[in-house]
S.K.: 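Structure in structure tokens, see below.
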Amino acid sequence: MTVSALMNTYGERTTTLTKGDGAYVWDSEGKRYLDALSGIAVCGLGYNHPAVTRAICEQAEKLIHCSNLYLIEPQQALGALLVKLSGMDKVFFSNSGAEANEAALKIARKYGQSKGISNPEVITTVSSFHGRTMATLSATGNDKVKAGFEPLVEGFTHVTYNDLEAIRKASTANTVAVMVEPIQGEGGVNVPASDYLNQLRALCDEKGWLLILDEIQTGNGRTGKFFAYQHNGILPDVVTTAKGLGNGVPIGACLAQGQAAEVLQPGNHGSTYGGNPLVCNAALAATQALIDEQLIERAASLGNSMLEAFKTALTNTAIVKDIRGKGLMIGIELSKPCGELVAAAKEKNLLINVTAGNTVRLLPPLIISDAQASEIVSTVVDLILELQ
Ligand SMILES: *Cc1c(COP(=O)(O)O)cnc(C)c1O
């Protein structure tokens with residue numbers, strides 16, 4: 001064993017992944033795993049998708065990077081495609097999810113300042129996850145990830161998720177925006193009431209607040225629509241995404257419409273790498289493949305059948321508290337902590353995740369076959385039954 005030079009941010013890691021193909025990855029010992037996690041909702045097209053690989057190689061031969069001081073063709077094309085798919089007006093590209101949220105929060109603050117609010121406040125929710133930078137950490141509704149990093153950034157109020165009254169009560173004259181995930185990912189795949197986003201939209205309209213949706217995990221087809229808010233037929237003022245956008249290249253996006261799209265002006269924001277030619281060409285190919293291969297519709301139907309299969313197999317299982325999700329974002333909440341299931345699944349050649357301590361989280365690639373979906377269901381069911 002060599003001593004690792006890396007900081008211990010991820011705890012002990014025992015498996016080295018060295019290659020992938022479709023929904024499978026291999027470790028350095030040659031063992032093959034069916035991947036029901038996709039690098040945490042990143043590789044929606046699976047591994048080695050030919051269109052993405054080609055886009056990366058072709059762009060690398062032309063121009064990997066140039067400054068945002070110049071026009072970038074794949075960035076313009078990706079921006080236009082995302083605007084069309086989302087119904088938003090404008091986009092800013094970043095390198096990660098947290099940075100996309102930073103852009104959204106800067107929009108909220110400057111929007112508030114422009115209305116004469118000198119101490120703008122953003123309402124976010126308990127059990128939310130918005131990132132690890134200082135502002136997004138402060139926005140996050142999980143005390144564990146914040147501990148030790150005080151002083152936090154001011155101007156955030158946390159309220160119960162899926163509770164509109166809580167937002168009304170917590171709001172003040174300084175409130176400028178509400179920021180939520182359409183389904184809380186890290187918080188346990190928490191699915192709100194089906195009209196929660198509609199009610200939020202109406203409340204934000206009534207009060208003149210921006211509705212900011214963090215779709216870093218739920219975006220890019222994951223829940224069976226390109227963005228999860230499209231299930232509700234609403235438009236947020238600002239939406240952020242990242243994970244599934246580039247199928248593995250680091251890219252994030254903050255999209256905005258209406259007034260919010262005009263808030264950031266020259267000099268207000270920027271990023272050296274954000275939206276560079278390489279990542280944009282990859283994300284353009286990945287997004288186009290989602291559409292060409294009808295993977296968003298596929299996520300919706302396959303997600304439904306997997307959810308039904310879990311419900312049928314686990315209805316009378318005492319340890320199972322809830323089975324929930326949308327599209328290929330599925331959570332199975334157990335009545336006790338179940339972190340050990342990750343290693344047990346690995347033994348059975350399956351990669352899964354446990355979040356919020358007691359919730360098995362499945363985020364398989366959108367390209368999985370019916371047989372692979374059945375294999376995920378039967379293996380996870382066995383693992384849970386063995387835990388009883
Ligand atoms: C992963 C995630 C983030 C943070 O994204 P990074 O790319 O890790 O910075 C923010 N919000 C949500 C909902 C996420 O799932």
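Below, each value reflects all heavy atoms present in this structure, side chains not excepted, and no hydrogens, waters or symmetry copies.
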S.K.: Backbone N or O of Gly20 within a donor-acceptor pair of the Asn48 side chain at under 3.5 Å?
M.R.: yes

S.K.: Do Val178 and Leu213 belong together in a cluster built from hydrophobic side chains that touch within less than 4.5 Å?
M.R.: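 Yes; tracing contacts between hydrophobic side chains, which count when under 4.5 Å, links both residues.
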
S.K.: Can you tell if the side chain of Glu340 reaches within under 4.5 Å of the side chain of Val354, non-hydrogen atoms only?
M.R.: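 No. Closest side-chain heavy atoms not under 4.5 Å.
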
S.K.: Taking all atoms of both residues into account, what is the closest heavy-atom pair of Asn232 and Ser194, and its distance?
M.R.: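 It is ND2-O, 2.7 Å.
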
S.K.: Is a donor from one side chain sitting under 3.5 angstrom from an acceptor on the other, for Ser94 and Glu102?
M.R.: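 Distance-only check fails for Ser94 and Glu102.
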
S.K.: Answer yes or no: does atom NZ of Lys115 have more than 12 heavy-atom neighbours from other residues, nucleotides or ligands under 6.0 Å?
M.R.: yes

S.K.: Answer yes if the side chains of Thr125 and Gln184 hold a donor-acceptor pair under 3.5 Å, and no otherwise.
M.R.: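 Distance-only check passes for Thr125 and Gln184.
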
S.K.: I need the Ile183 CD1 to Gln217 CD distance, nearest 0.5 Å.
M.R.: 9.5 Å

S.K.: Classify the angle between the aromatic ring planes of Tyr24 and Trp26 as parallel (below 30°), tilted (30 to 60°) or perpendicular (above 60°).
M.R.: tilted

S.K.: Answer yes or no: is there an ion pair linking Glu206 with Arg168, defined by an N-O contact shorter than 4.0 Å?
M.R.: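 Salt bridge present between Glu206 and Arg168.
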
S.K.: Should the pair Glu386-Lys348 be classified as a salt bridge under the 4.0 Å nitrogen-to-oxygen rule?
M.R.: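 Looking at Glu386 and Lys348, the cut-off is met.
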
S.K.: Verify side-chain contact (heavy atoms from CB on, under 4.5 Å) between Met134 and Leu152, making sure each step is shown before the conclusion.
M.R.: CA-CA 7 Å; Met134 285 312 302; Leu152 298 170; 4.2 Å; yes

S.K.: Does CG in Asp292 sit with more than 12 non-hydrogen atoms of other residues, nucleotides or ligands closer than 6.0 Å?
M.R.: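 Result for CG/Asp292: enclosed.
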
S.K.: Checking Lys110 side chain against Val263 main chain: does a donor-acceptor pair fall under 3.5 Å?
M.R.: yes

S.K.: Check whether any side-chain heavy atom of Leu211 sits under 4.5 Å from a side-chain heavy atom of Tyr229, and report yes or no.
M.R.: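 Result no, sub-4.5 Å side-chain heavy-atom pair not found.
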
S.K.: Would you sort out whether Ile368 and Leu302 count as a side-chain contact (heavy atoms from CB on, under 4.5 Å), showing the intermediate values?
M.R.: CA-CA 9 Å; Ile368 54 168; Leu302 199 55; 3.5 Å; yes

S.K.: When you compare the side chain of Thr9 with that of Arg132, does any pair of heavy atoms fall below 4.5 Å?
M.R.: no

S.K.: Tell me whether the count of non-hydrogen atoms from other residues, nucleotides or ligands lying under 6.0 Å of NZ in Lys31 goes above 12.
M.R.: yes

S.K.: So if you build clusters from Ile, Leu, Val, Met, Phe, Trp, Tyr with side-chain heavy-atom gaps below 4.5 Å, do Val42 and Val279 land together?
M.R.: no

S.K.: Ignoring hydrogens, what is the shortest heavy-atom contact between Ala253 and Ala100? Give both atom names and the distance.
M.R.: O-CB, 3.5 Å

S.K.: Kindly indicate whether the side chain of Ile330, heavy atoms from C-beta on, has any atom under 4.5 Å from the side chain of Val189.
M.R.: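 No; the side chains remain at least 4.5 Å from each other.
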
S.K.: Checking side-chain contact (heavy atoms from CB on, under 4.5 Å) for the pair Leu210/Gln259: CA distance, chi angles, key distance, verdict?
M.R.: CA-CA 9 Å; Leu210 298 182; Gln259 261 183 296; 5.8 Å; no

S.K.: In terms of side-chain heavy atoms, does His231 have a donor or acceptor partner in Thr223 at a distance below 3.5 Å?
M.R.: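 A pair is found: one side chain offers a donor N or O, the other an acceptor, under 3.5 Å apart.
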
S.K.: Rounded to the nearest 0.5 Å, how far does CG of Leu63 lie from OH of Tyr70?
M.R.: 11.0 Å

S.K.: Under 3.5 Å, is there a donor-acceptor pair between the side chain of Lys146 and the main chain of Thr140?
M.R.: yes

S.K.: Any chance you could measure Asn247, atom CG, to Leu290, atom CG, to the nearest 0.5 Å?
M.R.: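 Taking CG in Asn247 and CG in Leu290, the distance rounds to 8.0 Å.
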
S.K.: Give a yes or no on this: more than 12 heavy atoms of other residues, nucleotides or ligands lie within 6.0 Å of atom CD of Glu73.
M.R.: no

S.K.: Are Phe310 and Val360 packed together at the side-chain level, in the sense that at least one heavy-atom pair is separated by less than 4.5 angstrom?
M.R.: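 Answer no - side chains too far apart.
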
S.K.: Give the minimum heavy-atom separation between Arg222 and Leu363, together with the two atoms involved.
M.R.: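 Minimum heavy-atom separation between Arg222 and Leu363: NH1-C, 3.2 Å.
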
S.K.: Any donor-acceptor pair under 3.5 Å linking the side chain of Thr241 with the backbone of Glu215?
M.R.: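 Between the backbone of Glu215 and the side chain of Thr241 there is a qualifying donor-acceptor contact (under 3.5 Å).
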
S.K.: Hey, are Gln75 and Asn68 close enough side-chain-wise for a donor-acceptor pair under 3.5 Å?
M.R.: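 There is such a pair between these side chains.
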
S.K.: Side-chain donor-acceptor pair under 3.5 Å between Asp237 and Tyr111, yes or no?
M.R.: no

S.K.: If you round to the nearest 0.5 Å, how far is CD of Glu293 from CD1 of Ile291?
M.R.: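 Separation between the atoms: 11.0 Å.
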
S.K.: Hey, are Asp370 and Arg298 close enough for a salt bridge, meaning a charged N less than 4.0 Å from a carboxylate O?
M.R.: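 The answer is yes: the pair qualifies as a salt bridge.
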
S.K.: Working note: Asn281 + Lys62, criterion side-chain contact (heavy atoms from CB on, under 4.5 Å); need CA distance, chi angles, decisive distance, verdict.
M.R.: CA-CA 11 Å; Asn281 211 45; Lys62 283 199 276 190; over 6 Å; no

S.K.: Can you find a heavy atom in the side chain of Val238 that is under 4.5 Å from one in the side chain of Phe92?
M.R.: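 Result no, sub-4.5 Å side-chain heavy-atom pair not found.
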
S.K.: Side chain of Asn349, backbone of Arg32: donor and acceptor closer than 3.5 Å?
M.R.: yes

S.K.: What heavy-atom pair brings Met329 and Thr218 nearest, and what distance separates the two atoms?
M.R.: SD-CG2, 3.7 Å

S.K.: Quick one, Leu278 and Ile56 - any side-chain contact, counting heavy atoms below 4.5 Å?
M.R.: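 They are in side-chain contact.
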
S.K.: If you count heavy atoms of other groups shown closer than 6.0 angstrom to CD of Gln265, is the number above 12?
M.R.: yes

S.K.: On a heavy-atom basis, which atom in Lys106 and which in Asn268 lie closest, and how many Å separate them?
M.R.: NZ-O, 3.1 Å

S.K.: Transitively linked via ILVMFWY side-chain contacts under 4.5 Å: Leu387 with Leu350?
M.R.: yes

S.K.: If only atom types and distance count, is the side chain of Asp89 paired as donor or acceptor with the main-chain N or O of Ala261 below 3.5 Å?
M.R.: no

S.K.: Between Asn119 (side chain only) and Gly155 (backbone N and O only), is there a donor and an acceptor less than 3.5 Å apart?
M.R.: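 Not a single qualifying donor-acceptor pair exists.
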
S.K.: Is there a path of hydrophobic side-chain contacts, each under 4.5 Å between heavy atoms of I, L, V, M, F, W or Y residues, that connects Leu366 with Leu37?
M.R.: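 No, Leu366 and Leu37 fall in different hydrophobic clusters.
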
S.K.: Rounded at 0.5 Å granularity, tell me how far OG in Ser4 sits from OH in Tyr10.
M.R.: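 Between Ser4 OG and Tyr10 OH, I get 12.0 Å after rounding to 0.5 Å.
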
S.K.: Measure the acute angle between the ring planes of His65 and Tyr273, then classify it against the limits of 30° and 60° as parallel, tilted or perpendicular.
M.R.: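 Rings of His65 and Tyr273: perpendicular, over 60°.
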
S.K.: Do Gln372 side-chain atoms and Leu34 backbone N/O form a donor-acceptor pair below 3.5 Å?
M.R.: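 Not confirmed, Gln372 side chain does not pair with Leu34 backbone.
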
S.K.: What's the separation between atom CZ in Arg361 and atom OG1 in Thr355, rounded to the nearest 0.5 Å?
M.R.: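 It comes to 4.5 Å.
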
S.K.: Under 4.5 Å between side-chain heavy atoms, counting indirect links through other Ile/Leu/Val/Met/Phe/Trp/Tyr residues: same cluster for Leu351 and Leu362 or not?
M.R.: no

S.K.: Checking Lys346 against Thr15: is there a side-chain donor and acceptor pair closer than 3.5 Å?
M.R.: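 Their side chains do contain a donor-acceptor pair, which is all the 3.5 Å distance test asks for.
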
S.K.: Would you call Pro192 and Tyr161 a side-chain contact if the rule is heavy atoms closer than 4.5 Å?
M.R.: yes

S.K.: How close do Val176 and Gly112 get, heavy atom to heavy atom, and via which atoms?
M.R.: CG1-CA, 3.5 Å

S.K.: Test your reading of the model: is there a side-chain donor-acceptor pair from Thr124 to the backbone of Ala139, 3.5 Å cut-off?
M.R.: yes

